[in-house]
Protein chains: 2
Amino acid sequence: MDVRALETLRAVRSQGGVTAAAAVLHLTPSAVSQQLAALARDAGVPLTERVGRGLRLTAAGDALADAAVDVAVALERARAACAAWAGSPTGSVRVSAFQSAARLLLPVLLTRVAAIGGIAVECADEDVAQDAFAALTDRHDVVVAHRPAEGDPGWGEGVVAVPLLREPLDVAVPVSSALAGRAALEPGDLAGVDWIAVKEGFPVARVLADVAARSGATPRVVQRINDFHVVEALVAAGHGVALLPRYSSGGHPGVRLVPLTGVRAGRQVDALVRPDVAQRRVVAVVLEELAAVADGIRRAPAPTGTPG
Amino acid sequence: MDVRALETLRAVRSQGGVTAAAAVLHLTPSAVSQQLAALARDAGVPLTERVGRGLRLTAAGDALADAAVDVAVALERARAACAAWAGSPTGSVRVSAFQSAARLLLPVLLTRVAAIGGIAVECADEDVAQDAFAALTDRHDVVVAHRPAEGDPGWGEGVVAVPLLREPLDVAVPVSSALAGRAALEPGDLAGVDWIAVKEGFPVARVLADVAARSGATPRVVQRINDFHVVEALVAAGHGVALLPRYSSGGHPGVRLVPLTGVRAGRQVDALVRPDVAQRRVVAVVLEELAAVADGIRRAPAPTGTPG
DNA sequence: ACGTCCATGCAGTGACGCTACAACGACGGT
DNA sequence: ACCGTCGTTGTAGCGTCACTGCATGGACGT
């Protein structure tokens with residue numbers, strides 16, 4: 001029973017198909033398919049079943065994929081056992097973050113990690129739909145993701161989440177608006193306004209629905225934009241208001257962030273890691289530094305809009 | 001990092017050398033040496049160091065070997081995960097036992113396992129020195145071993161022991177002897193007698209020393225014989241007395257087993273299994289049956305000397 | 001009904017590990 | 001102190017196995 005085949009099975013499950021799994025494993029779909037066939041022959045039971053033009057893991061395949069992560073964890077622990085004698089942690093860690101978190105966290109993270117020495121952090125920015133974050137852990141060691149602060153984490157099964165930051169969602173209004181003068185806003189104050197929301201299915205889209213529900217009506221969404229800079233530009237131009245995270249936005253001079261009261265609105269920022277890569281000493285160090293960076297922001301928020 | 005190399009490292013540690021490890025792995029010493037070299041190169045630290053004309057694992061190698069068993073356990077658990085869907089446990093299990101336990105346990109074990117169906121038990125008899133039993137688990141799935149009942153188990157690190165039977169040690173005396181009429185014997189009664197003991201370093205050799213210490217003198221050992229049938233023949237011929245386990249001996253008409261009081265003398269029979277093979281469903285079944293057989297003997301001892 | 005996408009089978013090729021053989025080093029007996 | 005022996009380590013040759021590339025079959029959407 002080959003560990004590479006087990007890893008492949010796990011990738012097929014998390015990626016949802018042979019082709020996608022082949023991509024993250026840097027293989028051809030043919031190789032993946034052959035590995036699955038060999039594994040099923042070795043196991044004695046079918047591990048996958050065709051569904052439509054794709055495939056799905058059977059119950060046995062699912063159980064084996066679960067066991068595969070345990071194998072990967074044990075293997076990584078073995079590597080860590082040698083690394084403990086090999087000296088201080090060294091290597092490269094691939095970190096991915098969605099745009100606003102990348103802007104907020106990565107600069108400080110890179111500085112801190114550089115101070116340690118010997119660790120190379122390869123950054124990337126990826127913002128995907130809520131349920132696609134877990135799959136990113138196949139391509140990156142650490143994935144900074146976000147979700148509505150209320151409710152359970154809801155990341156997939158085979159992924160560990162390290163909480164980084166709880167960020168309140170404020171209401172972004174044009175400075176020229178009457179609402180800009182208020183110290184705080186309640187859901188009732190926002191009935192009938194035009195909203196600029198994020199794309200369907202993306203993180204914190206659900207929060208707007210919750211807030212609007214308190215105001216009694218469904219929100220009138222006039223635009224769906226994911227990039228906060230674009231959102232701020234639209235808000236400043238008077239095209240609507242938006243829910244924006246306090247620490248990651250507010251840089252635009254024509255926009256004012258007004259706290260929202262009467263309803264718990266926030267987003268939770270987590271670092272997602274696969275349990276096996278979490279065993280790597282370097283990854284653990286980078287995770288610690290990332291948590292420290294987030295902690296520093298929580299203590300002394302430095303909105304990008306505040307000069308100096 | 002190859003799991004086969006990890007398994008090889010573990011075998012080198014338990015067997016104490018490259019050549020011996022190669023034998024149990026069905027490889028040439030050259031292949032083992034190459035695997036160790038590749039593993040050390042991959043780990044970045046030396047895993048072995050020359051000592052005399054053999055070699056020994058370094059601290060890093062020892063830690064990696066420990067991690068290797070975790071990997072093996074995880075892998076075996078993965079196999080078990082499929083086997084759960086594949087149907088009832090099937091396969092072959094290699095069982096080894098020292099002679100007297102083999103005679104006592106294996107016939108019933110084979111009958112019981114045959115009744116289940118689908119499981120092939122490959123038996124072997126191996127009796128080795130006390131500290132060599134653990135290494136046998138590299139060649140057999142289940143190793144039935146024995147040790148003095150008092151004191152801690154003392155089997156190696158990477159092996160799990162399932163207790164099977166605690167067997168009292170009686171004093172085997174010739175039926176013609178004056179001692180044969182006694183209902184019980186105390187250490188003091190045995191001062192000055194000739195002893196027939198087992199070979200140096202073999203199980204329960206220590207017990208005789210303990211008993212003799214109670215009688216105040218060092219025992220006079222006139223013969224060292226491991227096979228109980230030979231021992232009984234010598235005892236019957238009046239060449240000395242011996243400590244023999246109650247359930248596994250006493251078949252000779254010229255020998256009487258007299259209970260020993262005033263001192264706790266017994267041997268403990270354990271089943272030894274490597275933690276990874278313990279994950280195999282078939283092995284677990286055979287272990288259960290083995291424990292049941294031993295339990296049956298404990299409830300209704302059937303000394304081989306009792307006819308019918 | 002056609003095009004597209006996805007998974008799968010098959011032949012070719014490249015790399016990797018094992019066997020066989022030779023050499024070096026170390027221990028123990030004489 | 002020497003030499004025989006045992007055990008480990010290097011090197012060449014070979015076999016095996018897994019991956020790439022291409023062709024096929026099936027399923028969904030237009």
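Labels below follow one simple rule: chain letters A, B, ... track the order of the sequence lines, proteins then strands, and each chain is numbered from 1.
In this structure the side chain of Thr8(A) never reaches within 4.5 angstrom of the side chain of Leu39(A), judged on heavy atoms.
Around CZ of Arg224(A), the count of heavy atoms belonging to other residues, nucleotides or ligands within 6.0 Å exceeds 12.
In this structure, the side-chain hydrogen bond (donor to acceptor under 3.5 Å, both in side chains) partners of Trp155(B), at least two apart in sequence or on a different chain, are Asp270(B).
Residue Val121(A) comes nearest to Val286(A) through the heavy atom pair CG2-CG2, 4.4 Å, listed as atom of the first residue, atom of the second, then distance. Pairing each heavy atom of Met1(A) with each of Leu75(B), the nearest pair is O-CD2, 4.0 Å. Among all heavy-atom pairs drawn from Ser33(A) and Val18(A), the shortest one is N-CG1, 4.3 Å.
Under 4.0 Å is where a charged nitrogen must lie from a carboxylate oxygen, and between Asp141(A) and Arg280(A) at least one such pair does.
Taken to the nearest 0.5 Å, the CG atom of Leu6(A) stands 9.0 Å off from the CZ atom of Arg79(B).
Listed candidates were dC28(D), dT11(D), dC6(D). Nearest to the side chain of Ser30(B) is dT11(D).
Contacts between residues 31-45 of chain B and DNA chain D, counted as heavy-atom distances below 4.0 Å, involve Ser33(B), Gln34(B). Near DNA chain D, meaning a heavy atom under 4.0 Å from it, residues 20-28 of chain B has no residue at all.
Think of the region where chain B sits on DNA chain C: with heavy atoms and a 4.0 Å cut, that region ends 5' and 3' at dC18(C) to dC27(C).
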After noting the C-alpha distance and the side-chain angles of Val269(B) and Phe98(B), does the key distance pass the side chain to side chain contact (heavy atoms under 4.5 Å, CB included) rule? CA-CA 10 Å; Val269(B) 179; Phe98(B) 55 93; 4.2 Å; yes
Walk me through whether Leu9(B) and Leu57(B) qualify under side chain to side chain contact (heavy atoms under 4.5 Å, CB included). CA-CA 9 Å; Leu9(B) 180 70; Leu57(B) 268 59; 4.1 Å; yes
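Sorted by first and then second residue, the pairs that involve residues 8-19 of chain A and meet salt bridge (charged side-chain N to carboxylate O under 4.0 Å, His left out), not counting sequence neighbours, are Glu7(A)-Arg10(A), Arg10(A)-Asp138(A), Arg13(A)-Asp62(A), Arg13(A)-Asp66(A).
In this structure, the helix from dA1(C)-dT30(D) to dT30(C)-dA1(D) shows an angle of 30° between the axis at its start and the axis at its end, each fitted on 5 base pairs and rounded to 10°.
When the nearest nucleotides of DNA chain D are assigned to Arg50(B) and Pro29(A) by heavy-atom distance, the more 5′-ward of the two goes with Arg50(B).
Using a distance-only test at 3.5 Å, with no hydrogens or angles considered, a donor-acceptor pair links the side chain of Thr58(A) to the main chain of Leu47(A).
In this structure, a donor-acceptor pair under 3.5 Å is absent between the side chains of Glu126(B) and Ser96(B).
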